[in-house]
Structure formats: structure tokens, C-alpha cells
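Input: a single structure, listed below in C-alpha cells.
Protein chains get the first letters and strands the later ones, always in sequence-line order, with residue 1 at the start of each.
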Amino acid sequence: MAKRIGIFVCHCGINIAGVVDVERVAKEMASYPGVAFSTTYQYMCSEPGQNLIRQKIEEENLDAVVIAACSPSMHEETFRNVCGEYFNPHMCEMANIREQCSWVHDSEEATEKAFKVLKATVEKLRGNEDLEPIFVPVEKRCLVIGGGIAGIQAALDIADAGHEVILVEKEPSIGGRMAQLSETFPTLDCSQCILTPKMVAVARHPNIKLMAYSEVIDISGYVGNFNVKILKKPRYVDEDKCTVCGDCEDVCPAIVPNEFDMSKKARKAIYIPFPQAVPSTYTIDREACLGLAPLACAQCKEACEADAINYDMQPEIVEEKVGAIIVATGYDLYDKERLVEYGYGEDDDIITSLEFERMLSASGPTGGKIIKPSTGEEPKKVVFIQCAGSRDRKHMPYCSSICCMYTAKHAMLYKHAVHDGEAYIFYIDIRATGKDYEEFIARVMEEERINYIRGKVAKIYREGDKIVVWGVDTLTGKKVEIKADMVVLAMAVIGREETRDIAKLLKVAVGEGNFLKESHPKLKPVEALSRGIYFAGCAQGPKDIPATVAQASAAASKVLAMFSRDKLEKDPMVAVVDEEHCSGCGICISVCPYGAMQRQPNGKAKCIEALCEGCGTCAAACPSNNIEMKNYSDSQIKRMVEVVI
Amino acid sequence: MSFEPKIVAFLCNWCAYAGADMAGTSRLKYPGNMIAIRVMCSGRVDPEFILEAFEKGADGVFIGGCHPGDCHYVSGNYRTRRRVEMMKRLLEEMGINPRRLRLEWVSATEGQKFARVVKEFVEEIRQLGPSPIKKEEAI
């Protein structure tokens, strides 16, 4: 309890003193209950100002201090550091008499308000107690969810720094979307060629525990101390024994579409999604297999000389303890069937950008040959439509950020393959903001003779063997009708549906388009609101490969900064439950956004200090007033209310 | 002497309080009738605080929080919204005009909005006149 409070009123030059009668405020507040000393100074934040505070704390034997000056967001830390040399820093409070007083009111009004604000601050301070920082230990291991380029980069960075990483990928192989791409803009280097060395590095890294074909099913705990449950799905093939000879695949009679090829190519029930898959092993798709229990065919096992196939493999739940989590769950395309106006789902010759991407890939369903899917012929006229589902209030209102660039690339690669072909691109605007992007677009426009049409397509329909595209050229104001062989839709990028499940486990917010909500859009773009959780790649918002890699390294650096310490300090302004009087109703447990309120075996609630962020929603909700916020107690706030009226 | 409303404001640290600071930085004048109490989250505002304020003689109570979806503490402002709705009904039954309780979403960048809503609220309370429940009458 503060017994001898010192008040230091800052002039802030004329910022405060020019409006508020600071001398009168200081003089009259000196006789306020609990106040032992009061003075003013020109600039309290200056070195002489800080020294004045030091000198008076010693001379006047002060045990608490109010600084009446600017907003606490400006200098609370400054003054708490000064006071911390003599007593607990939480015994220093600021009264905001600048931003919310001298700068917005006239003289007399401002002086009266300054009195009230100061009195309220003194009242709060009188109820403050010494608070010690809460320290929590750090488990220096990181969980990375998602094995696309974002997860791969983050995992490699952290592992290279000497910390253990658990990389979880739900598909049989890591690589993600980038592994599916043909060539990458604006340099046109082969996507797999630049990605696969990183995939191999992950597999070989002694600090990375790769768990492919696995899913995170439960997360509990808090920053520095998360407990994670991971479901390891059975591959029915021993990763260590499989030599990827392919004998099993040759004999497997069950044929299904390959998801990796956007279902435009077949695979067997025992399969490897693509030749460079990591881990390099076959997997039996239980759904597609003719039957594992009871065994229906077993031809693969007979063919396997390495004896790698084990039909008795069971799902396994692995528990891991980690200190930080990076979510890199990537993106999906907006559901094509929802674009009724573009007729998807009804026509083979209207395809999505990712399907076209697979078509362009040398390892894709057509071996890199561009064909009209319905006939297998070379398409002579192709229409590319940008913003299919993006920048559209009926669908996704945001810009998907990458479509302008990859559509230009698509059109260019098409022209390189079909020299006498005609390519049309419908666009709203061209957004090419990355390094060398504008130059790439200019090159496509000028050298490749591609017809850019500014406008939206209203309707697409089939007429004989052609697809008719109806649109408007908004630059000429004329209607456009193109009879095309094939249409490629640059679909909106959305966060994966699974991101929502992960977000629920982590208690982090998800916004429009399934994108994870960062702590601050500008200053904390890779951090979740809950500490110890970070984002990388398209799970946070649409972005291209360079931005994804940069964000992944940023997330990794945040994790490494955390791992550089043995203990974490957190704000001690947390909730405290009066256990004796808690009725165990559980309302606080239901309102806490962080899961910090937990029920104990005796039925009563308890605040896990390491999880509590100090918002006070529980304290307001407790029907019997048995929860107090440290240094923001009900009695403190009520006293403040009383003196400001 | 003309009636000068007394208003207590609870402003959340991350949005509304920062918005009020922004109004100051932008030197936007507004009446000094309202005194702010900084709370970490608008969700900290116990309905009791509102009753306490009216009981102690406040003519109006203002609560400022983050916009829906922007709460620093994920969902505190949604709790506030429900509590304020409940309190408005309760106040009406107590004979206090529910307009004396006002909830506004003010982001850290909305200094202009903060100054505007304070002006509006002070004017509204001025027109409503002194609160029917003053401390003196309660005793």
C-alpha cells in the first residue's frame, strides 16, 4: 500500500502548462489524502526531470509516484524504470493530462479535468500492490504445422540455429503448393528445381523430426509450454524399408485420381504423390485400396522385395512438448462450383489456374503439353480470367495478390508452347508490385502479343465445340465476345478449411477467407494474439513465394528470440480467484478467451497466470465478485469512479 | 447556473483510449465533461461499475471498445456489447433513460470519431438533463 505518494506535474513546455494551471494543480494536490509531496517541472521525461524524481524519492522518502504528463503509452515505461530503482515499478502510475486534457480542452476546463484525472490516478495507486514479474520456463522445441515452402523454410531456419523442430504435414509428402507449380514468376525458374533441395534438407536435418501423413489433433498449454498431440496416420508401408522401386504400384489394380495433379491424372491405391516426394516412400490409400481388413488383394505385398508393406499398421498418437508453434497451413482455391456464372463443374474446358499449372508441369498429367481437356487437341484460343472470385463482393472481397503475375506467366508459357495460339486476359487492374514484377508484365504485354482486356466477364457458355466468353472492354466501352477453346480461371486464394480447425485448437482468430488474424497488421504481422504462436505464408493472407519465405524466416526469428532465453517474463497484471468463495459455476471459464481459467479437481476455478493476458472479462462476469484483477481491482475502479464525478 | 453533465468513461487500453490519445495528438477540441478511466479491455467493465457511477451521481456513462472483430483480447468487446444491452434494459426499469449509457467502437486511429461521439454524447446528456438518481437523493 502506498503511504507516501509523490506527485510530479510536467509542464511539457507549454503543451500542458500553456493550458493547465500546473502550479495550482501541484499545490492543491499536495494536501490530497495519501500525497506526501507534489511539484512541477519543465520536462519530466528529460534527464534532469528524471533526476528530480530520483532526488525527491530519496529526500521525501516516497514509496509511490504519480507522474501527471502525457499518455502512459508514451512514457510509462520510462518512469517505471526510474521508480524501479527505488521500489516496485508498479507503484508508479501516470495521469494523462496532455493528450486527453490540455490538447483538447480550454484552460479552465482542462485544469478542472486535470484535478480529477490526478485524483483518480492517486486513488488507483493507493490500491496498487507490488507485483513481481511472472516467469515461465521455455521448452526450446518448435512445432511447425504445414510442410509447404513456408513451413519448410521456418523449420530449416530454426533447426539450423540448433533447436529441435517437429514438422507436421498432413499429406504423404512435404512440398505443398509450390511442388505443384510449373515455373515461378518473374524469373521462370522451375518450381520443383528450387524447392526439392530444401525438401531434401528437411529430411536430412538432424534437428528436424518430420512427421508427414500426420495431423495435429490437440494443443493445450501456453507460451513456452505447449502440449501437442499428433495423429500419425498409417501408411501401411515402412518408410525406412521402402526403396521406391515402384514394383507395388505396377501390380496395384485400384485406380483413383491423383490429388497432387488436381485429379487430372490417375494414381494407384499404393502411390507416391510425385517422384521427388519427401519422405521418399509409398503410401497405401486406405480408401482406395480394395481392402486391408479383411485383405482383398495383397498383390503389392507379394511384389515388394524389400518387405516394406505392413497391412497391420495402426494409427498412432504421438505427444510432444514444444515452446512455440508456427502455423503454415497454406492455401486452397475458392470453390469453383460457386462461380456459377463461369460455368465450372459443367465443362471440362473451363479449368482452374492450379489445374493449368499442373498441365504446364513436365511431370504433370499431360507431360507439359497444353491440351484442350475435352478433346486432347491443342487449344488455339485461350481466355484467362483474373479475379475469379476475388475482388468481388459476391465472393471474396479481397485481392488474391498473386493472380496478375501467374496469369501473365500462364499466357506467356502458353504462347511459347502454341506459337499460333491467341491468348486473352480479362483483368480489373494489373497489380505487379514485387521486385521485377512490373518489368515481367511489360515484357508479356509487349513481346508476347497477348490481348489484355480490361473488364469483367459476365458469362461463359458452351456453343458447339467452343466456349463463348462474354465480357465488356471497359476501356473502349464495347462488348466483347470470344469463342475460345479453353478458359483458365485465376481462382481466389483462400486459407485452407483445416486452418480453422487448427485455429480453434490454438484459440487464435480467423478472419475472412479462413486467414489467420495477426496480432497487429503492421507491427506484428507474424505473431498471433496469443503469445508463442506465429504465422507464416498464405495461412495468414494471400502472398507470393518471396513474401512467404520472408515471412517464414521472420516467424523463425521470433521463435529464436524466444528460445534465446531460459525463462519468459510476462505482465503480472493477471486475474486472481478467491478460491474460498468460488462457487464453481464456471462462467469465468466460458468467457476467458485464452483458456486461462481452468477448473480444478475440487470444482473451483483457478487462473493459470502464464496464460492470463489480464483483460478482466472474467472479473466482470463473475456473479459473486470473486475474481480480482491485480492492480485493477473492483474497489480501485469504484474509487476512481467516485472521485471523477 | 446552466447544467454541466458529469460523465464517466471506461476506455479500453488498446483501441478507445488510444483513439482518445489520437484526438489529442490531432488537437481536436471536445467538451471536458467526460473523464476517462483506462481499463485493459471494455470487457473489464463490470455492470456494477455502471450502477456505481449512476449511484455516485454520474449523468452519463460512456464505454469505448475496439470494433467488433478487432478486440485485443479476441472477444471481450462482444461480452461488453451484451452487457450494455442488458444494462440498458435494467436502467430503463430503474427509471434511468438508457440513452445515458453509450457504447461506442473507437479504433486507435479514430481520433475524429472519438471527439465527435463525445461531443454528441455530452450534448445528448445536456438535453436529457441531470440524472434522476443523484447521490443526495439516494441517501
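- Contacts between A120(A) and chain B at a heavy-atom distance below 4.5 Å are absent for every atom of the residue.
- Around the CD atom of E108(A), the shell of radius 6.0 Å holds no more than 12 heavy atoms that belong to other residues, nucleotides or ligands.
- Under the 4.0 Å criterion applied to side-chain N and carboxylate O atoms, D46(B) and K638(A) are not assigned as salt-bridge partners.
- Using a 4.5 Å heavy-atom cut-off against chain B, the contacting residues of residues 622-629 of chain A are N625(A), E628(A), M629(A).
- With rounding to the nearest 0.5 angstrom, the OH atom of Y632(A) is 12.0 Å from the SG atom of C41(B).
- Looking at A621(A), both its backbone and its side chain come within 4.5 Å of chain B, counting heavy atoms on both sides.
- Here the closest non-hydrogen pair linking Y73(B) and Y594(A) is CA-OH, 3.1 Å.
- Counting heavy-atom pairs closer than 4.5 Å to chain B, the top-ranked of the candidates D106(A), V117(A), N96(A), T121(A) is N96(A).
- What you find for P47(B) and A620(A) is that their closest heavy atoms are CD-O, 4.1 Å.
- Taking OG from S73(A) and CH2 from W14(B), the interatomic distance works out to 10.5 Å, rounded to the nearest 0.5 Å.
- With a 4.5 angstrom heavy-atom cutoff, M34(B) touches chain A only via backbone atoms.
- Both the backbone and the side chain of R27(B) come within contact range of chain A, judged by heavy atoms closer than 4.5 Å.
- The residue among A53(B), G76(B), C71(B) with the most heavy atom pairs within less than 4.5 Å of chain A is A53(B).
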- For E76(A) and R38(B), what are the C-alpha separation, side-chain angles and deciding distance, and is it a salt bridge (charged side-chain N to carboxylate O under 4.0 Å, His left out)? CA-CA 14 Å; E76(A) 188 175 73; R38(B) 180 167 67 124; 3.3 Å; yes
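- Using a 4.5 Å cut-off on side-chain heavy atoms (C-beta onward), L28(B) and W103(A) make no contact.
- Rounding to the nearest 0.5 Å places CD1 of I37(B) at 11.5 Å from CD of Q636(A).
- Side-chain atoms of H105(A) do not come within 3.5 Å of backbone N or O of K29(B) as any donor-acceptor pair.
- For the atom pair NZ (K56(B)) and CD1 (I645(A)), the distance works out to 8.0 Å, reported to the nearest 0.5 Å.
- The distance from atom CZ of R44(B) to atom OG1 of T617(A), rounded to the nearest 0.5 Å, is 9.0 Å.
- Interface remark: K517(A) contributes side-chain atoms only to the contact with chain B (heavy atom separation under 4.5 Å).
- Only the side chain of L11(B) comes within contact range of chain A, with heavy atoms under 4.5 Å apart.
- Side-chain contact between E109(A) and N33(B) is present, with heavy atoms from C-beta onward closer than 4.5 Å.
- The neighbour count for E123(B) CD, taken as heavy atoms of other residues, nucleotides or ligands under 6.0 Å away, is above 12.
- Heavy-atom distances place the side chain of M573(A), and not its backbone, under 4.5 Å from chain B.
- For Q100(A), the parts lying near chain B are the backbone and the side chain together; criterion is any non-hydrogen pair under 4.5 Å.
- Interface remark: N15(A) contributes side-chain atoms only to the contact with chain B (heavy atom separation under 4.5 Å).
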- Should E99(A) and T25(B) be marked as a side chain to side chain contact (heavy atoms under 4.5 Å, CB included) after you check the CA-CA gap, both sets of side-chain angles, and the distance that decides it? CA-CA 6 Å; E99(A) 279 86 345; T25(B) 311; 4.2 Å; yes
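- Applying the 6.0 Å contact sphere to CD of E77(A) captures no more than 12 heavy atoms from other residues, nucleotides or ligands.
- Two residues are said to be in side-chain contact when any heavy atoms from C-beta on lie closer than 4.5 Å; S71(A) and Y17(B) meet this criterion.
- Atom CD1 of I35(B) is separated from atom CD of E112(A) by 9.5 Å, given to the nearest 0.5 angstrom.
- Both the backbone and the side chain of V39(B) come within less than 4.5 Å of a heavy atom in chain A.
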